[in-house]
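Following: one structure in structure tokens, then a few remarks.
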Amino acid sequence: EDVFDAAGPRARTSGRILFVGNVRRVKGLDMLVRALVLVLRSVPDAHMRVIGSPLSRSYRRDLDDVRRLASSLGIGEQITFAGHRDPADVAREMREAVVVAVPSRRESFSAVTIEALASGTPVVVTRCGGPEELVDETTGMLVDVDDVEAMAEALSQILLGTQRFDPETLRASIVPRFGIAAATARLRQIYEVAVTGPA
């Protein structure tokens with residue numbers, strides 16, 4: 001909560017889309033790369049930073065596939081693969097990005113969505129089982145899984161300022177539910193039930 005802070009140092013980088021996550025096919029990075037091709041038609045300075053790396057050797061193929069895809073589409077120079085970063089660096093990157101994209105094909109939860117909103121940065125997320133529970137029209141935009149055109153349109157609207165979001169509103173939407181105080185209260189309840197039994 002203290003690291004992912006909308007009040008932290010901020011200098012938005014025009015056109016920047018941020019992806020944060022393990023590089024696996026289920027995370028939908030390949031879909032996001034295809035969407036970037038369409039985004040560039042209306043936002044010529046759009047570019048994407050990818051934070052994350054494969055968890056295992058078997059997932060290395062997924063990263064290689066995405067790199068090859070970007071090259072084949074002629075947008076390799078518009079994507080920076082930044083690898084693993086510590087939480088402070090991720091938080092800074094989130095504050096610098098115009099939008100954080102979560103293009104997953106399946107999620108049970110989405111810590112990245114929570115961290116982005118806590119940082120005051122809007123999100124574009126897929127309806128993949130988790131993120132849509134965290135996002136509404138005041139905090140970001142929702143698109144269907146693998147809908148490249150919808151993802152591109154949503155990203156373009158935010159990059160161009162057609163859709164505007166207030167950083168403090170974004171943070172206020174998430175911190176009371178998932179911040180340190182909320183997590184501490186939930187843990188206290190769990191321990192109390194474990195020690196004394198249900199009320």
Side-chain angles (χ1 to χ4, degrees), residues 4 6 8-21 23 25 27-52 63 65-83 85 89-105 110 112-113 115-128 131-132 134-171 173:
F4 296 93
R10 179 185 304 282
R12 297 284 190 204
T13 301
S14 177
R16 179 169 294 178
I17 301 164
L18 181 65
F19 170 93
V20 180
V23 180
R25 188 178 184 282
K27 295 296 185 179
L29 183 55
D30 58 312
M31 184 271 257
L32 189 57
V33 168
R34 294 182 189 280
L36 181 58
V37 175
L38 303 181
V39 171
L40 285 163
R41 296 175 183 175
S42 56
V43 190
D45 71 338
H47 57 284
M48 182 166 64
R49 284 182 64 80
V50 175
I51 294 179
L63 175 59
D65 287 346
V66 169
R67 287 181 180 273
R68 281 192 292 270
L69 175 63
S71 178
S72 70
L73 294 172
I75 60 169
E77 294 185 359
Q78 280 72 43
I79 302 175
T80 300
F81 292 89
R85 291 289 184 270
D89 284 338
V90 174
R92 176 182 52 77
E93 295 265 9
M94 285 183 169
R95 290 192 298 269
E96 291 176 354
V98 178
V99 58
V100 173
V102 181
S104 298
R105 295 184 168 98
S110 179
V112 169
T113 300
E115 290 164 356
L117 295 176
S119 299
T121 303
V123 293
V124 176
V125 305
T126 51
R127 298 181 179 91
C128 60
E132 64 266 37
L134 307 168
V135 177
D136 61 25
E137 66 277 359
T138 68
T139 56
M141 302 180 74
L142 289 161
V143 301
D144 289 335
V145 170
D146 279 325
D147 191 333
V148 173
E149 292 187 359
M151 174 64 73
E153 176 63 22
L155 292 172
S156 297
Q157 286 187 34
I158 295 176
L159 292 175
L160 291 169
T162 306
Q163 292 287 336
R164 296 182 181 275
F165 300 91
D166 174 62
E168 290 305 325
T169 299
L170 301 183
R171 182 168 169 77
S173 75

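Here the structure is a predicted model, which means the values were calculated and not measured. All heavy atoms count here, side chains included; hydrogens, waters and symmetry mates do not. We number each residue from 1, following the sequence as shown.
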Donor-acceptor pair, T80 side chain versus R49 backbone, under 3.5 Å? no
Between atom CZ of R34 and atom CE of M151, what is the distance when rounded to the nearest 0.5 Å? 14.0 Å
Distance, nearest 0.5 Å, that separates CE of M31 from CG of L69: 12.5 Å
Heavy atoms of S173 and T139 approach each other most closely as OG-CG2, 3.4 Å
Examine distances only and state if a side-chain atom of S156 and a backbone atom of A152 form a donor-acceptor pair shorter than 3.5 Å. yes
Verify side-chain contact (heavy atoms from CB on, under 4.5 Å) between V33 and V66, making sure each step is shown before the conclusion. CA-CA 8 Å; V33 168; V66 169; 3.8 Å; yes
If you count the non-hydrogen atoms of other residues, nucleotides and ligands that lie under 6.0 Å from CZ in R68, is the total more than 12? yes
Can you find a pair of side-chain heavy atoms, one from L63 and one from F81, that are under 4.5 Å apart? yes
Looking at R12 and E96, would you say the former's side chain and the latter's main chain have a donor-acceptor pair under 3.5 Å? no
Could D147 and R127 be called an ion pair, given the rule that one side-chain N must be under 4.0 Å from one carboxylate O? no
When every non-hydrogen atom of A116 is compared with those of V123, the smallest separation belongs to CB-CG1, 3.6 Å
From L155 CG over to L160 CG, what is the distance, rounded to the nearest 0.5 angstrom? 10.5 Å
Which heavy-atom pair separates L170 from T121 by the least distance, and what is that distance? CD1-C, 3.4 Å
Is R105 reaching over with its side chain to a backbone N or O of R25, donor-acceptor style, under 3.5 angstrom? yes
V125, V112, L142 screened by side chain to side chain contact (heavy atoms under 4.5 Å, CB included) with P131, the one that passes: V125
How far apart are the C-alpha atoms of L159 and V99, what are their side-chain angles, what is the distance that settles it, and do they pass the side-chain contact (heavy atoms from CB on, under 4.5 Å) test? CA-CA 7 Å; L159 292 175; V99 58; 4.1 Å; yes
Going from CG on L32 to CD1 on I79, what distance comes out if it is rounded to the nearest 0.5 angstrom? 7.5 Å
Nearest heavy-atom approach of L40 to A46 is CD2-O, 3.3 Å
For M141 versus F165, what's the shortest heavy-atom pair and its separation? CG-CZ, 4.3 Å
Contact summary for V124 and I158, nearest pair of heavy atoms: CG2-CD1, 3.7 Å
Distance col, row S42:OG vs Q157:CD, nearest 0.5 angstrom, shows 9.5 Å
L36 side, atom CG; L73 side, atom CG - distance, nearest 0.5 Å: 9.0 Å
For T113, check side chain to side chain donor-acceptor pair (under 3.5 Å) against everything at least two apart and list the hits. S110
Short side-chain to backbone donor-acceptor contact, S71 and R67, under 3.5 Å: no
Heavy-atom distance under 4.5 Å between the side chains of V23 and L29, does that happen here? yes
